[in-house]
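Here's the structure, in structure tokens; my notes come after.
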There are 2 protein chains.
Amino acid sequence: MITHRNTQQRRAILDYLRNTVSHPRAEDIYVSLKSNFPSLSFGTVYRNLRILSEIGEIQELRYGNSASRFDGNTTNHPHFTCELCGSVFDVEEEFIKLDKVIFSGVKNFVIKSYRLELFGSCLHCKNSHS
Amino acid sequence: MITHRNTQQRRAILDYLRNTVSHPRAEDIYVSLKSNFPSLSFGTVYRNLRILSEIGEIQELRYGNSASRFDGNTTNHPHFTCELCGSVFDVEEEFIKLDKVIFSGVKNFVIKSYRLELFGSCLHCKNSHS
DNA sequence: TTAGATGCAAAGGGTTTGCAACGTC
DNA sequence: GACGTTGCAAACCCTTTGCATCTAA
């Protein structure tokens, strides 16, 4: 069995993800932590993101062909992606009731989890573009 | 304005996607069509998949870090991915009612579209693994 | 002390792109 | 004939990996 070590880098990555709502990409994390860890490498960032995902401390979000985004909130909540500015927002609460609808609606498969992703424009972009 | 041409390769790719339920990857399409188009290249497959997606003739599906899958069915239907065998299935009908729930449930964003992805095990895998 | 983690750089997978030749309109 | 498209190969982006060194436990 593998024991994971509580390294400074791993702690910093997890802290960073738990203290932001911006769903950063690996590169964002790398750039942000580089000042505190001048020798930090992409390999370390990616390795830790992978490990943290595997042990359920964070979750990885993928959209289109672009880089993964990471979320320190591991509850199964939907995300809203603004197609104009690219920002990703959490959508909570309103959707708790969806769980029941989704889990009870399907007959031919055994559903273990689901992911709901919403697309459109955020209020800021909607107002400044219209 | 760009006028798209109805080339043999493009037609073959679209036909292929319209006549399968297997949600193939670019490589699957490439391999399948290679016998009819010996000089077919990946560039052509990818370029056409991109164009066909942009004009709404097909849709692209992405999961995890693996290659995109493509679907000739452009209705907004959920997909079920079996975590044991990797197959991707369409989930129709049962979910039509979800549209209303989702589009009426969110207040802070202008939703244009959504994607629902389900994960679990298909009946075949469930039976053979239990 | 010792396995797991780091930093670096090179390699990897999937996808895109530059360019000359080609095919469709 | 004009311009979108193809085939080829090289480039690209994001991510993973091999290896020697380091470090948490």
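The basis for the numbers below is simple: all heavy atoms, side chains too, and nothing from hydrogens, waters or symmetry mates.
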Determine which bases of DNA chain D form Watson-Crick or G-U wobble pairs with both distances under 3.5 Å, and write the result as a 5' to 3' dot-bracket string with | for other-strand partners.
|||||||||||||||||||||||||
Residues two or more places apart in sequence or in another chain: which of them pass side chain to side chain donor-acceptor pair (under 3.5 Å) with A:Thr7?
none
From CZ of A:Arg10 across to C1' of C:dG7 the rounded distance in Å is 15 Å
How would you summarise protein contacts on nucleotides 15-25 of chain D per nucleotide, using B for base, S for sugar-phosphate only and - for none, with heavy-atom distances below 4.0 Å?
BBBB----BBS
Spatial distance of atom CG (A:Leu52) from atom OG1 (A:Thr74) [nearest 0.5 Å]:
11.0 Å
How many whole angstroms separate atom OH of B:Tyr30 from atom P of C:dG14?
14 Å
With rounding to the nearest 0.5 Å, note down the distance linking CD1 in A:Ile58 to CG in A:Leu17.
5.5 Å
Going by the salt bridge (Lys or Arg N to Asp or Glu O under 4.0 Å) test, which pairs reach into residues 58-77 of chain A, not counting sequence neighbours?
none
Rounded to whole Å, please give me the gap between CD1 in B:Ile29 and C1' in C:dG14.
14 Å
Mind checking what makes side chain to side chain donor-acceptor pair (under 3.5 Å) contact with B:Glu57, not counting sequence neighbours?
B:Arg18
Enter the distance from A:Thr44:OG1 to A:Arg10:CZ here, rounded to the nearest 0.5 Å.
9.5 Å
With sequence neighbours left out, write down each residue that passes salt bridge (charged side-chain N to carboxylate O under 4.0 Å, His left out) with B:Arg50, or none if nothing qualifies.
B:Glu54
Using atom CG of B:Leu49 as one end and atom C1' of C:dT17 as the other, report the distance to the nearest whole Å.
16 Å
Would you call the rings of A:Phe109 and B:Phe80 parallel, tilted or perpendicular, taking 30° and 60° as the class edges?
parallel
Salt bridge (Lys or Arg N to Asp or Glu O under 4.0 Å): pairs with one or both residues in residues 27-36 of chain A, sequence neighbours excluded:
A:Arg25-A:Asp28
Considering only heavy atoms, which members of residues 31-39 of chain B lie under 4.0 Å from some atom of DNA chain C?
none
Pairs: protein N or O with nucleotides 10-13 of chain C N or O, under 3.5 Å:
none

Applying side chain to side chain donor-acceptor pair (under 3.5 Å) to B:Asp90 and not counting sequence neighbours gives B:His23, B:His77, B:His79
Salt bridge (Lys or Arg N to Asp or Glu O under 4.0 Å): which pairs involve residues 113-125 of chain B, sequence neighbours left out?
B:Arg115-B:Glu117
Taken in chain and number order and not counting sequence neighbours, the residues that satisfy side chain to side chain donor-acceptor pair (under 3.5 Å) with A:Ser66 are none
Gap between atoms CD and C1', on B:Gln9 and C:dC22 respectively (whole Å):
10 Å
Could you state the atom-to-atom distance from CG of A:Asn48 to P of C:dG7 in whole Å?
9 Å
Find out whether A:Tyr114 and B:Pro78 are in side-chain contact, i.e. whether some heavy atom of one side chain is under 4.5 Å from a heavy atom of the other.
no
Taking atom C1' of C:dT16 as reference, at what distance in whole Å does atom CD of B:Glu54 sit?
13 Å
